[in-house]
Asker: 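If you scroll down you'll find the structure; I have some questions about it.
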2 protein chains.
Amino acid sequence: MNKCEQCIVRKLNSLGELTKDELVRISGCKSSDFVKKGEILFEEGDHINGVFCIKDGVCKVTKMSSNGREQIVKLVKKGDLLGERSLVSEEVSNLKATAINDMEICFIPKEEIVRDLKSNTNFTMSILKEMAVSLKEADNVIVDMAQKTVKQRLAETLLHLNKTYGSEDLDKPLDIQLSREDIASIIGTATESAIRLLSAFKKEKLIHLKGKEIYILNPKKLQHIAEGF
Amino acid sequence: MNKCEQCIVRKLNSLGELTKDELVRISGCKSSDFVKKGEILFEEGDHINGVFCIKDGVCKVTKMSSNGREQIVKLVKKGDLLGERSLVSEEVSNLKATAINDMEICFIPKEEIVRDLKSNTNFTMSILKEMAVSLKEADNVIVDMAQKTVKQRLAETLLHLNKTYGSEDLDKPLDIQLSREDIASIIGTATESAIRLLSAFKKEKLIHLKGKEIYILNPKKLQHIAEGF
DNA sequence: CAAAAAATATGACATTTATCAGCTTTTTTA
DNA sequence: TAAAAAAGCTGATAAATGTCATATTTTTTG
């Protein structure tokens, strides 16, 4: 089993605030796992009781609406933590996490992390900061969902994906493979509508599509569309 | 000026976790204020640098979308804290807060609160918990905005308002007066659409309207509508 | 590899929602 | 209190989006 204190991934999230001694202890109680594409990390109703640290891969975090459609609430990637909320809540999860591609993850039990949360101020403040950022982002998503058209939201989402999974090289596709259904589930629309708009963007040469590969050709124009022009 | 350590409102939020000594210190540096209906507490772009504790009244927290329409992100009422994010972020506010009715508020400067955040674990954990709850609620709103129809969202919103501002007595209206524009801005639709649906709900005897007063007559049926039936 | 299943794509149409115009009622202001 | 302004309401219509049907392509499976 790999050691947390030697793992580069910890530097990407709040775990980087832990001391060497704390990391050694965490290392001793954590479990590591490989998760295949399509497999479920946890579901709505599960007791999580710990935090996932994503070493590699991407998963989608979803919530089922009462209409019976799944909404992707966020994408979690290498370096991110998942399940922080379980640390300060006794409730079961209201979210489901599914691997988008093959993943490598670690799981740290709640009791161990909570210990540090109560003793290491830097760590706590870092978690607080992460939550604050998440809250701000959530507010932005709410406003977009409420006020923007599906077309604007698709443009927005493509730009967002480009920022996170795009390369400087315009000839390379986004480093994430989403189904059309996933894309629709991010922007909150019917799969057919997402497909239609993607086709329209392709026709306007804003993007290029090759199977599930997406090339962002004209981010500037996409930005204009996202802003309502 | 009133004293925090004697203020009942503190028991409604994380400030209740502070010790008597801490509260006395906070009391010495806080400022109190009355805010008239319609007045602005802070705007997008403002440096807040502190936390508001709402002693009385309600305010709407909004964000302007790039389309030029304001979206109400949440309503903040007596007992709530406002601006917690400023404690762990140097950024300017991305939100605007406007009084919905006459308010009485206290403002506690950031430096003072951050001191306690770093020394009083109970307080920090309480703030963490509040943020975790907010995050969960935000996820729910995102899913509703993305997946539900305007009609469903209106029903949902009425029930939500009923839970927070309703009385046990069905003959009494909700204890909050929102304009039709505000209601539209909560559910993310055009004012005319909100008015039309309110009229339809009234015709079906689910609610009763008398000016800005709203009476919830049939919460059960509203629940059904909110869930998509 | 062939058959079956799943995902993608597109058209036709129905439904939802926004927009604009005009009117009435309520609230504010001088 | 009268006039002006704002808010509320309703109808007509346009635009956006969802749904259903069906064809095609891609992926999975035996």
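Each chain gets a letter, A, B and so on, in the order its sequence line appears, and its residues count up from 1.
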Asker: Rounded to the nearest Å, what distance is computed from the CD atom of residue B:Glu181 to the C1' atom of nucleotide D:dC9?
Answerer: 14 Å
Asker: Take B:Leu197 and B:Lys37, find for each the nucleotide of DNA chain C with the closest heavy atom, and name the residue whose nucleotide sits nearer the 5' end.
Answerer: B:Leu197
Asker: In whole angstroms, how far is the P atom of D:dT17 from the CZ atom of A:Arg69?
Answerer: 13 Å
Asker: Can you confirm whether A:Leu154 sits close enough to A:Leu198 that some side-chain heavy atom of one is under 4.5 Å from a side-chain heavy atom of the other?
Answerer: yes
Asker: Round to the nearest Å and state the distance from A:Leu154 atom CG to D:dT17 atom C1'.
Answerer: 14 Å
Asker: C:dC20 base to B:Glu192 side chain: any donor-acceptor pair below 3.5 Å?
Answerer: yes
Asker: What's B:Thr189 touching, base or sugar-phosphate or nothing? Going by heavy atoms closer than 4.0 Å.
Answerer: sugar-phosphate
Asker: For D:dT26 and A:Lys212 - does any side-chain N or O of the residue sit under 4.0 Å from the phosphate oxygens OP1/OP2?
Answerer: no
Asker: Once you round it to whole Å, what is the distance between P of C:dT16 and CD1 of B:Ile195?
Answerer: 20 Å
Asker: Taking only side-chain N and O atoms of A:Ser193, does any of them lie within less than 4.0 angstrom of OP1 or OP2 on D:dA16?
Answerer: no
Asker: Give a yes or no on this: more than 12 heavy atoms of other residues, nucleotides or ligands lie within 6.0 Å of atom NZ of B:Lys110.
Answerer: yes
Asker: Measure the spacing between NZ of A:Lys96 and CD1 of A:Ile40 and express it to the nearest 0.5 Å.
Answerer: 4.5 Å
Asker: What is the distance, to the nearest angstrom, from the CG atom on A:Asn67 to the P atom on C:dT16?
Answerer: 12 Å
Asker: OP1, OP2 of C:dT17 versus side-chain N and O of B:Arg196: anything below 4.0 Å?
Answerer: no
Asker: Parallel, tilted or perpendicular for B:His208 and B:Tyr215, by the 30°/60° rule?
Answerer: tilted
Asker: For the pair made of CG in B:Leu209 and C1' in D:dA7, what is the distance, rounded to whole Å?
Answerer: 14 Å
Asker: DNA chain C: A:Thr191 or A:Ala146, which has the more 5' nearest nucleotide?
Answerer: A:Thr191
Asker: Over how many whole Å does the gap from B:Arg180 atom CZ to C:dT27 atom P extend?
Answerer: 11 Å
Asker: Does A:Ser199 reach a base, just sugar-phosphate, or nothing at all? Heavy atoms under 4.0 Å.
Answerer: sugar-phosphate
Asker: Would you mind reporting whether A:Lys77 and A:Asp175 have side-chain heavy atoms less than 4.5 Å apart?
Answerer: no
